[in-house]
Asks: 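Quick one: structure below, then a few questions.
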Protein chains: 2
Amino acid sequence: MTHEIDLNLKLWVVLSRTYHAVAAHAQADVARHGLTVAEFGILEALHHKGPMLLGEVQRKILVSSGGISYLVDRLESKGLVERRECPEDRRARYVALTPEGEALIRRIFPEHARRLAHALSGLDEDEKREAIRLLRALGKRAAELEADDAPRRAAGTSSP
Amino acid sequence: MTHEIDLNLKLWVVLSRTYHAVAAHAQADVARHGLTVAEFGILEALHHKGPMLLGEVQRKILVSSGGISYLVDRLESKGLVERRECPEDRRARYVALTPEGEALIRRIFPEHARRLAHALSGLDEDEKREAIRLLRALGKRAAELEADDAPRRAAGTSSP
DNA sequence: GCTGAAAATCTAAGTGATAAGATAACTACG
DNA sequence: CGTAGTTATCTTATCACTTAGATTTTCAGC
């Protein structure tokens with residue numbers, strides 16, 4: 001069934017192109033403040049949820065275990081977040097916004113949302129809802145399958 | 001209207017997560033053959049369209065001008081593609097599959113399509129069509145806007 | 001035909017991540 | 001308790017690109 005193969009391939013291509021087109025806007029916006037999309041995601045998550053464990057943030061923004069250390073290092077060196085000890089588990093650490101980080105995310109978030117809305121203006125409100133529904137179903141399945149046969153994104157497995 | 005902001009933000013987050021979940025499958029598959037997704041994209045484009053100018057391939061797979069040189073270098077050193085002169089424009093060069101490249105893409109493409117179909121099995125056929133339609137509209141608009149206010153992806157602008 | 005701007009590719013240096021493995025701490029079970 | 005296995009983070013090396021700018025060629029207008 002070449003017919004179905006084409007459909008899948010087309011979906012993958014258009015998903016990829018659309019993601020990159022939108023990501024370019026998000027990226028261009030946060031770059032104005034010297035941030036990457038991943039860094040912005042961390043600040044936003046902390047702003048929204050308060051202090052989180054490194055591992056929680058990692059799963060939230062989907063980076064590798066080394067990646068989250070690296071990103072938090074960078075944000076820490078910019079004075080935007082700080083690490084805190086976790087009394088219940090001394091392996092783990094919290095990340096929390098500093099006052100500077102809190103101020104920054106408060107300041108830049110509204111404009112970011114505005115630009116995002118602009119970048120996403122190709123669909124009306126109902127279409128957005130439908131797109132969210134379809135993308136959710138697609139992503140959910142893909143993520144489930146990943147757990148089975150694709151390389152894991154976490155770390156720290158030691159054998160013998 | 002926090003209500004609309006949330007919708008846009010949600011769409012962006014789910015687009016990003018879904019893209020990454022699906023991309024992980026594509027990546028895991030081509031990695032088995034020592035290729036990146038971008039390299040596979042080049043081979044596939046050449047297989048489908050025959051020899052292309054570097055710039056055409058660049059626009060097709062959405063990398064920077066430096067990136068396409070780098071990628072073609074790598075594929076060339078693997079013996080999968082070759083550069084050819086362009087008689088009509090001596091600045092430009094064609095990229096073409098070598099017999100080895102042709103053989104490789106023929107060999108791995110069907111399995112790639114099969115795995116992609118598996119990764120995309122969260123939607124039925126009609127939903128895929130609808131998703132393609134929505135993503136097209138979204139991506140088209142985002143790409144148009146990019147041309148106005150976001151950093152360009154091309155190269156070679158020299159000023160005084 | 002010149003001349004200056006624009007286009008196609010390439011090169012060099014830099015960057016945001018990833019992967020693999022190390023370290024340290026927790027947990028469960030005999 | 002002690003030991004094996006698991007979990008959380010960090011470190012080091014590497015990588016797949018990007019950005020900026022250099023080079024060569026084309027083209028438009030004079």
Side-chain angles (χ1 to χ4, degrees), chain A residues 16 20 23-24 26-28 30-31 34-42 52-78 81 83-95 150-160, chain B residues 16 20 23-24 26-28 30-31 34-42 52-78 81 83-95 150-160:
Chain A
S16 174
H20 285 293
Q27 210 164 334
V30 300
L35 297 174
T36 67
V37 172
E39 288 174 318
F40 183 89
I42 295 177
M52 298 171 75
L53 294 174
L54 273 168
E56 293 176 319
V57 182
Q58 185 204 328
R59 280 182 291 277
K60 175 109 187 160
I61 68 163
L62 295 179
V63 293
S64 64
S65 67
I68 193 63
S69 287
Y70 167 76
L71 285 166
V72 170
D73 279 354
R74 259 187 356 206
L75 289 172
E76 205 168 21
S77 76
K78 291 179 193 169
V81 305
R83 283 177 167 89
R84 293 184 191 160
E85 297 187 347
C86 174
E88 303 85 36
D89 183 345
R90 288 191 328 212
R91 293 168 303 180
R93 288 167 180 273
Y94 286 108
V95 210
R152 190 68 86 280
R153 203 143 201 174
T157 320
S158 18
S159 302
Chain B
S16 174
H20 285 293
Q27 210 165 333
V30 300
L35 297 173
T36 67
V37 171
E39 288 174 319
F40 183 90
I42 295 177
M52 297 171 77
L53 294 174
L54 272 169
E56 293 176 319
V57 182
Q58 186 204 327
R59 281 183 290 278
K60 176 109 187 159
I61 68 163
L62 295 180
V63 293
S64 65
S65 67
I68 194 63
S69 287
Y70 167 77
L71 285 166
V72 170
D73 279 354
R74 256 187 357 203
L75 288 172
E76 205 169 20
S77 77
K78 291 179 193 169
V81 306
R83 283 176 168 90
R84 291 182 192 161
E85 297 187 347
C86 174
E88 302 86 35
D89 184 343
R90 289 193 324 216
R91 293 169 302 181
R93 289 169 180 272
Y94 285 108
V95 211
R152 190 69 86 281
R153 205 141 198 173
T157 321
S158 19
S159 305

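Letters A, B, ... are given to chains in the order of the sequence lines, protein chains preceding strands, and every chain is numbered from 1. Only a predicted model underlies this, so the values are computations on that prediction, with no experimental measurement involved.
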Asks: Return the value, rounded to whole Å, for the distance between atom CG of A:L54 and atom P of D:dT7.
Replies: 17 Å
Asks: If you compare all heavy atoms of B:V72 against all heavy atoms of B:V81, which two are closest, and at what distance to 0.1 Å?
Replies: O-CG2, 4.0 Å
Asks: Among all residues two or more places apart in sequence or in another chain, which pass the salt bridge (charged side-chain N to carboxylate O under 4.0 Å, His left out) test with B:R90?
Replies: none
Asks: Between D:dC10, D:dA8, C:dC10, which nucleotide has the shortest distance from any of its atoms to the side chain of A:D89?
Replies: D:dA8
Asks: Take atom CG of A:L53 and atom C1' of D:dC10, then tell me their distance rounded to the nearest Å.
Replies: 16 Å
Asks: Considering only nitrogen or oxygen atoms on both sides, find all protein atoms under 3.5 Å from nucleotides 13-16 of chain D and state each distance.
Replies:
residue: D:dA16; atom: OP2; partner: B:R74; partner atom: NH1; Å: 3.1
residue: D:dA16; atom: O5'; partner: B:R74; partner atom: NH1; Å: 3.4

Asks: Remember a base hit wins even if backbone is also touched, and classify A:G55 as base, sugar-phosphate or nothing at under 4.0 Å, heavy atoms.
Replies: sugar-phosphate
Asks: For the pair made of CD in A:E88 and C1' in C:dT27, what is the distance, rounded to whole Å?
Replies: 16 Å
Asks: Between atom CZ in A:F40 and atom P in C:dG16, what is the gap in whole Å?
Replies: 17 Å
Asks: Among C:dC26, D:dT9, C:dA8, which nucleotide has an atom closest to any side-chain atom of A:R91?
Replies: C:dC26
Asks: Between A:I61 and A:L71, is any pair of side-chain heavy atoms under 4.5 Å apart?
Replies: yes
Asks: Under the rule for salt bridge (charged side-chain N to carboxylate O under 4.0 Å, His left out), what residues qualify as partners of A:E56, not counting sequence neighbours?
Replies: none
Asks: What's the CD-P distance between A:E85 and D:dA8, to the nearest Å?
Replies: 18 Å
Asks: To the nearest Å, how far apart are A:I68 CD1 and C:dA20 C1'?
Replies: 18 Å
Asks: With DNA chain C as reference, determine whether B:R93 or A:E39 sits nearer its 5' end, using the nearest nucleotide of each.
Replies: B:R93
Asks: Kindly write out the residues that satisfy salt bridge (charged side-chain N to carboxylate O under 4.0 Å, His left out) with A:R74, not counting sequence neighbours, or none if the list is empty.
Replies: A:E39
Asks: A:L35 has an atom CG; how far is it from atom P of C:dT15, in whole Å?
Replies: 15 Å
Asks: Sort me out a list of protein N/O and nucleotides 12-14 of chain C N/O pairs below 3.5 Å, or just none if empty.
Replies:
none

Asks: Starting from P on D:dC10, measure out to CD on A:Q58 and report it in whole angstrom.
Replies: 11 Å
Asks: Working to the nearest 0.5 angstrom, can you tell me the gap between B:R93 CZ and B:E85 CD?
Replies: 6.5 Å
Asks: So do the side chains of A:L75 and A:L35 get within less than 4.5 Å of each other, counting heavy atoms only?
Replies: yes
Asks: Using the closest heavy atom to pick a nucleotide of DNA chain D for each, name whichever of A:R83 or A:Q27 lands nearer the 5' end.
Replies: A:R83
Asks: Please pick, from D:dT25, C:dT18, D:dT9, the nucleotide with the shortest atom-to-atom distance to any side-chain atom of A:S69.
Replies: D:dT9
Asks: For A:E76, check side-chain hydrogen bond (donor to acceptor under 3.5 Å, both in side chains) against everything at least two apart and list the hits.
Replies: A:R83
Asks: Mind checking what makes salt bridge (charged side-chain N to carboxylate O under 4.0 Å, His left out) contact with B:R59, not counting sequence neighbours?
Replies: none
Asks: Please list, chain by chain and in numerical order, all residues satisfying ring-ring contact (aromatic ring centres under 6.0 Å, His included) with A:Y94, sequence neighbours excluded.
Replies: none
Asks: Of all the choices, C:dT9, D:dT9, D:dT26, which nucleotide is nearest to the side chain of B:R90 once you look at every atom?
Replies: D:dT26
